[in-house]
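For reference, the structure discussed in these notes is given below.
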Protein chains: 4
Amino acid sequence: MPREVRERQMLDAAVGAFARHGYQAASMDDIAEAAGVSKPLVYLYLKSKEELFTACVRREVGALIAAVREGTRERDIPADEQLWNGLRAFFAHTAARPDGVTVLYRARTQGEPFAREVAAMRVEVVSIVTLLLGQAAKDAGCDGELAEREVSGLAHALVGAAESLAEWSNARTDDAPSAKETAATLMNFCWAGLENLMKGHRWMPAPRVH
Amino acid sequence: MPREVRERQMLDAAVGAFARHGYQAASMDDIAEAAGVSKPLVYLYLKSKEELFTACVRREVGALIAAVREGTRERDIPADEQLWNGLRAFFAHTAARPDGVTVLYRARTQGEPFAREVAAMRVEVVSIVTLLLGQAAKDAGCDGELAEREVSGLAHALVGAAESLAEWSNARTDDAPSAKETAATLMNFCWAGLENLMKGHRWMPAPRVH
Amino acid sequence: MPREVRERQMLDAAVGAFARHGYQAASMDDIAEAAGVSKPLVYLYLKSKEELFTACVRREVGALIAAVREGTRERDIPADEQLWNGLRAFFAHTAARPDGVTVLYRARTQGEPFAREVAAMRVEVVSIVTLLLGQAAKDAGCDGELAEREVSGLAHALVGAAESLAEWSNARTDDAPSAKETAATLMNFCWAGLENLMKGHRWMPAPRVH
Amino acid sequence: MPREVRERQMLDAAVGAFARHGYQAASMDDIAEAAGVSKPLVYLYLKSKEELFTACVRREVGALIAAVREGTRERDIPADEQLWNGLRAFFAHTAARPDGVTVLYRARTQGEPFAREVAAMRVEVVSIVTLLLGQAAKDAGCDGELAEREVSGLAHALVGAAESLAEWSNARTDDAPSAKETAATLMNFCWAGLENLMKGHRWMPAPRVH
DNA sequence: GATGAATGAGAGTTCATTCAT
DNA sequence: GATGAATGAACTCTCATTCAT
């Protein structure tokens, strides 16, 4: 059996195990058994548990980024539609590969070697979002009055909201909302606010959206 | 030294260790040393690693809930101001007790005994938010056309956005935004959208906020 | 509360615990709690676990020896009647104080400090039996042709049989035989053989008891 | 080195350690060292201390039963000769494998998982003896007037006497009696009594064997 | 006389990892 | 290319034992 195939089997098994039990609790024994190979072979191909986990994370990062990039390929449509497309791609992906997403989620709390990898991915996603927001601002005829820091904050808020929604929607065993519905919920939640901001309207403590 | 004091020392040390290394990677030896006591004493007072972690989680859950409840004590002001107050309280808390919040964050990925505890807390926070949204709808003269599921989704989105922003803002070592600023960012991000929804306006794929 | 009383309480609790769980598995915590005192007090009175166990063993050894001596007080009756009396006393004692006897039983497998104590007791019991056998031989008009080693062997066989019967009879929860019945069983089992031996009759491989 | 060999080495080492120190006091470290392997290997092959002990007990139970069965293979000879053969086999075994027998002895006081195993063995041995007694009764032309309970008691007495004699004879470092001698002692001790019982003669408190 | 507070030492168990074949 | 055999290191947890009060 060719090496690549074996290697993918191992990664599949590892992703499953890591998703179910976490990095520490998943044992190399279990993974090797689940992959249908002997433990030394796992070490031969993937060096160590740390590298194995890293490989899993990288693969899932790549898959998620690819899905989102694929969803936002069209560039000459309004920014909100682009965001809408990206969100649908994101939620479709999280629904299709729950184990992979769980691994990423867990990797964020596993300290340096791994968290960085996921953080880098987030940066990439955030940059995609940031571009969209920039374009949206231009569409809205606004002159870029938004501080970079504020944009960064907004992007993180959006990503956090998306992650939370993905988890919530995948947790429902019955009657789970479709990717489309979830994306719509999030668009409804955020777009009006973002649009206002582009136009320079702000919510203020002595309140009035205006 | 009286038992209560020692016990708090241990919890403090444990929260620190769990926040830094995670549940599995933090060793009881380390925790005992950090608390300045011997390991058997930790076991005498807190029974097991699992119960120790549970105690940490419970304490931090209680502290966070208390902070948010305290922030939203005023009830006869507009819903958006109440939300604003709650968010400031939340961000102030996450800034003041980063380790405690990290423990809660990590507990979410640690399986049944712990995740449930945090999930219960989230439910409580979500219910607070839900009440606010309900009041906001009434304030807006809307006739409650929002499906329960949609409200739940919105609340989860809001909470996720808040968590993500808290993490992002605490991660900045220099020039970290204040709780007030972060809360403002989030209000700007979401309030206009929520307000529109209360009025029955929706974002639609062939787009126009209207 | 006077020291002696406290001390007896502790010994009672210890005997119970050691009987139930064995020397190693019974913990000083349990014993102190069962005795209704604090652990340091146990150490104050009885020095260490080893000395505590030793004290238990000694007390129970003394009680058993006393019971058997009491049963065989009458000296000017036929040897078989004396043995009969001793056995009844023995079985009555094992039935009345099962925990104490169990402790002795367990002490035999606990290595040097303890096993010696019980061995000494066995020697004493054996010597009582040996005296009886000697008298029986004289009664039978035999001229003491029995080698000392053989007598010792017989005595150990008798004691072993008695112990085994005691255990068997105490194990029956319903319909347990009385001390008298058990003693009768043993007398029936052994006396004819002993009597024959006294007279110089032996069982022989090309067999005939004669 | 093949697994079976290693496994036997471990069992040998474990039997030695358990015999010398008892179940609780023998440590897995010691056993592993005595077996010339590392501790994890012991766990890999034998799962846990409990299972290791169980395996020892089972092996020794099997060996002892096999020895006795082998000794009593001949069935068409008088019952006393059969008993004589069985006893010689028993004493030869206890002399040849003192550690194994000690383990069985200790297992009797180690509570449920283990005691049952040994109890089952005793039942088997007792049943062998019981059959012999039954045949002896027939040989003696007796009409089976012995109550089942009494036979059971006699069998336990015989087994206890044998155990006690085995211990006593093995304890002698110099000049230990041979299996033959010990068996002869026991036959002399018991056979006349048993024979009398078969014929309906009993020892009576106002005494006379008749 | 009696105890709440505390610990050193060591138990069983598991895991990531590596050879020799 | 693939594996059965083997281990060093570390972990959770318990216990007999002792102070300071």
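Just so it is clear: chains get the letters A, B, ... in the order the sequence lines come, proteins before strands, and each one is counted from 1. These numbers were taken from a predicted model, which means no experiment stands behind them.
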Sugar-phosphate, base or nothing in reach of B/A26, heavy atoms under 4.0 Å: sugar-phosphate
Would you mind reading off the distance between [X] atom [atom1] and [N] atom [atom2], rounded to a whole angstrom?
{"X": "C/L44", "N": "F/dA20", "atom1": "CG", "atom2": "C1'", "result": "15 Å"}
{"X": "D/H21", "N": "E/dG12", "atom1": "NE2", "atom2": "C1'", "result": "17 Å"}
{"X": "A/E4", "N": "F/dG1", "atom1": "CD", "atom2": "P", "result": "15 Å"}

Residue closer to the 5' end of DNA chain E, B/K39 versus C/P40 (nearest nucleotide): C/P40
Upstream residue (5' side of DNA chain F) when B/Y23 and D/Y45 are each assigned their closest nucleotide: D/Y45
Residue whose nearest DNA chain F nucleotide is more 5′ - C/K47 or D/L41: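 Looking at DNA chain F, the more 5' nearest nucleotide goes with D/L41.
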Side-chain heavy atoms of C/Y23 within contact of C/E50, under 4.5 Å: yes
Check against salt bridge (charged side-chain N to carboxylate O under 4.0 Å, His left out), B/D12 and B/R59: CA-CA 10 Å; B/D12 289 342; B/R59 188 176 82 167; 2.7 Å; yes
Selected nucleotide, minimal atom distance to D/D29 side chain, candidates F/dA16, E/dA11, E/dA2: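 Closest nucleotide among those given: E/dA11.
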Nucleotide nearest C/S38 (side chain, heavy atoms from C-beta), chosen from E/dA2, F/dT12, E/dA16: E/dA2
Aromatic ring pairing A/F53/A/F114, orientation class (parallel under 30°, perpendicular over 60°, tilted between): perpendicular
Complement of E/dA2, any strand, by Watson-Crick or G-U distances under 3.5 angstrom: F/dT21
Verify the contact: side-chain N or O of [X] to OP1 or OP2 of [N], cut-off strictly under 4.0 Å; return yes or no.
{"X": "C/Y43", "N": "F/dT17", "result": "yes"}
{"X": "A/R6", "N": "F/dA2", "result": "yes"}
{"X": "C/R3", "N": "E/dG1", "result": "no"}

Salt bridge (charged side-chain N to carboxylate O under 4.0 Å, His left out) between A/E167 and B/R122, worked out: CA-CA 13 Å; A/E167 196 188 347; B/R122 274 194 138 224; 5.0 Å; no
